[in-house]
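Down below is the structure, laid out as structure tokens.
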There are 2 protein chains.
Amino acid sequence: MPIWEYVSAMARAATTSDAWNAVAEPQRRRILTLLRGGERPVNEVARALSIDQPRASKHLRVLREVGLVRVREEGKQRLYALDARGLRPIHEWVGGFERFWSESLARLDVYVRGLAEKEKRR
Amino acid sequence: MPIWEYVSAMARAATTSDAWNAVAEPQRRRILTLLRGGERPVNEVARALSIDQPRASKHLRVLREVGLVRVREEGKQRLYALDARGLRPIHEWVGGFERFWSESLARLDVYVRGLAEKEKRR
DNA sequence: GAAACATATTCCCATATCGGCATGATGCAA
DNA sequence: TTGCATCATGCCGATATGGGAATATGTTTC
């Protein structure tokens, strides 16, 4: 885990370090969706997603590190549970664009019309 | 741009290829936020974020490729405008977890209590 | 056409990431 | 203790990424 603060030539922004990046991975999104149905042991997660166990463990680790998931030990199993609180900031940020969804359509219309004009004038 | 379908040993999932990943980058989020105020030429974006022009261009390119932004040529400038439609799926997916935000708190409570029990029993 | 300005692209580097496979680590049961 | 089951990690390979710096491309103005 690099100490970005002290690295002068930062190569790539840390990725798996926040909910945004954790959720950018399709498999991890599927895992979170699965966990809405309640806590699950690793093997079950792996089976549900049709991936091997190491892969499931790794994804779960990322999710755990960014706090989107919690682990509970139960015998030889590890039950992972959803902790959706970290998704809230994302929802709010994206929500700030809600009002632009429809506007975008209108603007796109103008945009396309502009292109058409440009073509005609050629 | 790799043809994932035909690559057997996929190394890393394509990243800058969808809105999820585009938005996972803080700078790009700032750009999108800025563009809510209307279209802007590259230089203005760069200045607003205190980054150099090439960097701004690169980020804008990613945003353009995933469709979150549109370009319009105006003289020697290129005006970038927000196209927020691509954010909608994200908002909806994340919204599906809304109901779990408060629950997570409750569950966390149970979780912590469990840990305490465990300690006591030690 | 040359100079000036706005923007895009390219190259290089350090590093992160995901998948695959093999190997540890730990708990439980016989 | 020995297996067996459930996970977690480590290592490798291929590749993507973001920053920095330099350079190319395109447009307007003289």
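By convention in this document, chain letters (A, B, ...) are assigned in the order of the sequence lines, proteins followed by strands, and residues within each chain are numbered from 1. In this text, all values refer to a predicted model and were calculated from it rather than measured experimentally.
A straight line from CD of A:E39 to P of D:dC7 spans 12 Å, rounded to a whole angstrom. Counting to the nearest Å, the P atom of C:dC18 and the CD1 atom of A:I31 are 11 Å from each other. Distance CD (B:Q77) to C1' (C:dC5): 10 Å, rounded to an integer number of Å. Atom CD of B:Q27 and atom P of D:dT17 are 16 Å apart (whole Å). If you take NE2 of B:H59 and P of D:dA16, they are 18 Å apart, rounded to a whole angstrom. We find that CD of A:E25 is positioned 7 Å from C1' of C:dC18, with the value rounded to whole Å. Following rounding to the nearest Å, B:R64 (CZ) and C:dT7 (P) show an atom-to-atom distance of 13 Å. Put simply, CG on B:N43 is 17 Å from P on C:dA4, counting in whole angstrom units.
Side-chain atoms of B:R70 never come within 3.5 Å of backbone atoms of B:A81 as a donor-acceptor pair (strictly under, hydrogens ignored).
Rotation axes derived from the C1' atoms of the five outermost pairs at either end of the helix from C:dG1-D:dC30 to C:dA30-D:dT1 lie 10° apart, to the nearest 10°.
With sequence neighbours excluded, no residue forms a salt bridge (Lys or Arg N to Asp or Glu O under 4.0 Å) with A:R29. With sequence neighbours excluded, the residues satisfying salt bridge (Lys or Arg N to Asp or Glu O under 4.0 Å) with A:R61 are A:E65. Listed by chain and residue number, A:I51, A:D52, A:K58, A:H59 satisfy the side chain to side chain contact (heavy atoms under 4.5 Å, CB included) test with A:R55 (two or more places apart in sequence, or in another chain). Looking at residues two or more places apart in sequence or on another chain, you find a salt bridge (Lys or Arg N to Asp or Glu O under 4.0 Å) between A:R88 and A:E92. Under the side chain to side chain donor-acceptor pair (under 3.5 Å) criterion, A:R64 pairs with no residue, sequence neighbours left out. When the side chain to side chain contact (heavy atoms under 4.5 Å, CB included) test is applied to A:E44, the partners found at least two apart in sequence or on another chain are A:R40, A:P41, A:R47. With sequence neighbours excluded, no residue forms a side chain to side chain donor-acceptor pair (under 3.5 Å) with A:Q77.
Listed by first and then second residue, the ring-ring contact (aromatic ring centres under 6.0 Å, His included) pairs involving residues 62-91 of chain A are A:H91-B:H91, A:H91-B:W101 (not counting sequence neighbours).
A cation-pi arrangement is absent between B:R36 and A:F100 under the rule of less than 6.0 angstrom and at most 45 degrees off the ring axis.
Residues of residues 44-58 of chain B that place a heavy atom closer than 4.0 Å to DNA chain C, in numerical order, are B:Q53, B:P54, B:S57, B:K58.
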Quiz item: B:L68 and B:L63: side chain to side chain contact (heavy atoms under 4.5 Å, CB included), yes or no, with the steps?
Solution: CA-CA 5 Å; B:L68 286 175; B:L63 290 172; 4.1 Å; yes

Atom pairs, N/O to N/O, protein against nucleotides 26-30 of chain C, distance under 3.5 Å?
none

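An OP1 or OP2 oxygen of D:dT6 is reached within less than 4.0 angstrom by no side-chain nitrogen or oxygen of A:Y80.
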